[in-house]
Engineer: 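Here you go, one structure.
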Amino acid sequence: MRPGTRCSRFCSLIIVLVLCIIDDTGGTWNGREDRTECPKVKAIRNFDITEFLGSWYIVQYYASSEEALSYRCMRAELSISSENTEVTMNFTYSFTDDPINEQLVGNITWKIPSSDTPAHWVHAEYPYESVYNTYVLDSDYKSWALLMHCAEQSNTPRYLSSFIMSRQPILGANVISYLREKLPRYDIDLEYMFPMDQQQCNKTTTSEMDMLIPVPVTSRKHHADRKHPLRKKHRRF
């Protein structure tokens, strides 16, 4: 064997593999791996769900299907059924590109599959045909909390999302860092964990002049057609 022959063949093999990967991904490199199964997650122990209920601000947001933050002023109100078997989260939020900052609403309901693990909830509504788990990863109840959602659907990449939540519109940088450090073990890429703007959330116009400018009907329809954050399709873009 001539010197360099083995290396040349090996290098050629690597080039072929890279070209196959690029071809399969439509000519782009996607560093965020498309996996189908949710990671193994341990929810918070000794969780007191009654202390967790009430109003929260989402101060940081992650979704595996989004490369940029689409939302602002996201807030949540959590309640539990009288039988303590279902948790409901009611949302208010706006889209970042909405010129009138229209406040939209949504909701999602989970079942608590076991009273022994009240920090683990399973999606209770259509259209999710398979698994949609939500976990409370950590919380001090009075100030901050960390939620993670993972959905599995047949022959489809999983959908991951996470909320860093606060009882106030802002949360200390040290607490945010502490909570963010818990996420990479669950395959959440912190590069796409975005701060959520909670300023001027009740304002629909930026000046008196804006009140004189009609909002195009197409703009209103565009926002109305969008789904709220936890009803995204389970795929990556």
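Positions are given from 1, in the same order as the sequence printed here.
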Engineer: Does any pair with a residue in residues 161-200 pass disulfide bond (SG atoms under 2.5 Å apart), and if so which ones, sequence neighbours excluded?
Structural biologist: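 Listed once each, the pairs would be none.
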Engineer: Would you check if Leu183 and Leu137 make a side-chain contact, meaning some heavy-atom pair closer than 4.5 Å?
Structural biologist: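 They are in side-chain contact.
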Engineer: Residues in side chain to side chain donor-acceptor pair (under 3.5 Å) with Thr88, at least two apart?
Structural biologist: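 Thr109.
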Engineer: Using the six-membered ring wherever Trp is involved, compare the ring planes of Trp121 and Trp110 and label them parallel, tilted or perpendicular (cut-offs 30° and 60°).
Structural biologist: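 Geometry flag for Trp110 against Trp121: tilted rings.
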Engineer: Name the one of Ile108, Leu147, Val87 that satisfies side-chain contact (heavy atoms from CB on, under 4.5 Å) with Thr134?
Structural biologist: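 The passing option is Leu147.
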Engineer: Sequence neighbours left out, what pairs pass salt bridge (charged side-chain N to carboxylate O under 4.0 Å, His left out) with at least one residue falling in residues 168-178?
Structural biologist: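 Counting only pairs at least two positions apart or across chains, no salt bridge (charged side-chain N to carboxylate O under 4.0 Å, His left out) contact touches residues 168-178.
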Engineer: I want to check something: taking the side chain as every heavy atom from C-beta on, are Asp98 and Leu104 in contact at a cut-off of under 4.5 Å?
Structural biologist: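 Answer no - side chains too far apart.
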Engineer: Can you tell me how far apart OH (Tyr186) and SG (Cys150) are? Round to the nearest 0.5 Å.
Structural biologist: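 With rounding to 0.5 Å, OH (Tyr186) is 12.0 Å from SG (Cys150).
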Engineer: Which heavy atom of Ser166 sits nearest a heavy atom of Leu171, and at what distance?
Structural biologist: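 For Ser166 versus Leu171, the nearest heavy atoms are OG-CD1, 3.7 Å.
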Engineer: Who pairs with Tyr178 by ring pair (Phe, Tyr, Trp, His ring centres under 6.0 Å), at least two apart in sequence or on another chain?
Structural biologist: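 Testing Tyr178 for ring pair (Phe, Tyr, Trp, His ring centres under 6.0 Å), a comparison that skips the adjacent residues, returns Trp144.
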Engineer: Do any pairs count as a salt bridge (charged side-chain N to carboxylate O under 4.0 Å, His left out) and have a residue in residues 136-148, sequence neighbours left out, and if so which ones?
Structural biologist: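 Sorted result for residues 136-148: Asp138-Lys182.
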Engineer: Mind checking side chain to side chain donor-acceptor pair (under 3.5 Å) for Ser94 and listing every partner two or more places apart, or none if nothing turns up?
Structural biologist: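 Side chain to side chain donor-acceptor pair (under 3.5 Å) check on Ser94 returns Asn101, Gln103.
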Engineer: For Pro169, give me all partners under side chain to side chain contact (heavy atoms under 4.5 Å, CB included), at least two apart in sequence or on another chain.
Structural biologist: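 With neighbours one apart ignored, the set is Tyr57, Gln198.
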Engineer: Taking Gln60's backbone N and O only, do any of them form a donor-acceptor pair with Arg180's side chain (distance below 3.5 Å, no angle check)?
Structural biologist: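 Checked: no pair found.
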Engineer: Which distance, rounded to the nearest 0.5 Å, do you find between the OG of Ser143 and the CE of Met165?
Structural biologist: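 Output value for this atom pair is 12.5 Å.
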Engineer: Only counting residues at least two apart or in another chain, list the ones meeting side chain to side chain donor-acceptor pair (under 3.5 Å) with Glu86.
Structural biologist: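 Only Lys111 meet the side chain to side chain donor-acceptor pair (under 3.5 Å) criterion with Glu86.
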Engineer: For the CD1 atom of Ile188 and the OG atom of Ser161, what is their distance to the nearest 0.5 Å?
Structural biologist: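 The OG atom of Ser161 is 7.5 Å from CD1 of Ile188, to the nearest 0.5 Å.
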Engineer: Applying salt bridge (charged side-chain N to carboxylate O under 4.0 Å, His left out), name anything that partners Glu77, two or more places apart in sequence or on another chain.
Structural biologist: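 Partners of Glu77 by the salt bridge (charged side-chain N to carboxylate O under 4.0 Å, His left out) criterion come out as none, since no residue qualifies.
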Engineer: Work out which heavy atom in Ser70 is nearest to a heavy atom in Glu66; give both atom names and the distance.
Structural biologist: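 Between these two residues, the closest heavy atoms are OG-OE1, 3.5 Å.
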Engineer: For Ile164 versus Met193, what's the shortest heavy-atom pair and its separation?
Structural biologist: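 Distance-wise, the nearest heavy atoms are CG1-CE, 3.6 Å.
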Engineer: Would you say that more than 12 heavy atoms from the other residues, nucleotides or ligands in this model lie under 6.0 Å from the CG of Leu190, or not?
Structural biologist: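 Check passes, neighbour count above 12.
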Engineer: Between Tyr159 and His149, does the ring centre distance come in under 6.0 Å?
Structural biologist: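 No - the distance between ring centres of Tyr159 and His149 does not fall below the 6.0 Å cut-off.
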Engineer: Indicate yes or no: at least one non-hydrogen side-chain atom of Ile112 is less than 4.5 angstrom from one of Thr85.
Structural biologist: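 Sidechains of Thr85 and Ile112: no contact.
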Engineer: Residues two or more places apart in sequence or in another chain: which of them pass side chain to side chain donor-acceptor pair (under 3.5 Å) with Asp197?
Structural biologist: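 Asp197 satisfies side chain to side chain donor-acceptor pair (under 3.5 Å) with Arg72 only.
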Engineer: Sub-3.5 Å donor-acceptor pair from the side chain of Arg158 to the main-chain atoms of Glu37, do we have one?
Structural biologist: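 Present.
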Engineer: Quick one: pull up CG in Asn133 and CE in Met148 and give me the separation to the nearest 0.5 Å.
Structural biologist: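 Answer rounded to 0.5 Å: 9.0 Å.
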Engineer: For residues 38-54, which side-chain N or O atoms pair as donor and acceptor with protein atoms under 3.5 Å away, sequence neighbours left out?
Structural biologist:
residue	atom	partner	partner atom	Å
Asp48	OD1	Thr50	N	3.2
Asp48	OD1	Thr50	OG1	2.6

Engineer: May I have all residue pairs that pass disulfide bond (SG atoms under 2.5 Å apart) and include part of residues 59-110, sequence neighbours excluded?
Structural biologist: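 Counting only pairs at least two positions apart or across chains, the disulfide bond (SG atoms under 2.5 Å apart) contacts touching residues 59-110 are Cys73-Cys201.
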Engineer: For Trp56 versus Ser139, what's the shortest heavy-atom pair and its separation?
Structural biologist: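 Closest heavy-atom pair between Trp56 and Ser139: CH2-OG, 4.1 Å.
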Engineer: Under 4.5 Å between any side-chain heavy atoms of His120 and Pro113, yes or no?
Structural biologist: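 His120 reaches Pro113 side chain to side chain.
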Engineer: Run the ring-centre check on Tyr62 versus Phe194 and record whether the distance is less than 6.0 Å.
Structural biologist: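 Between Tyr62 and Phe194, the centre distance exceeds or equals 6.0 Å.
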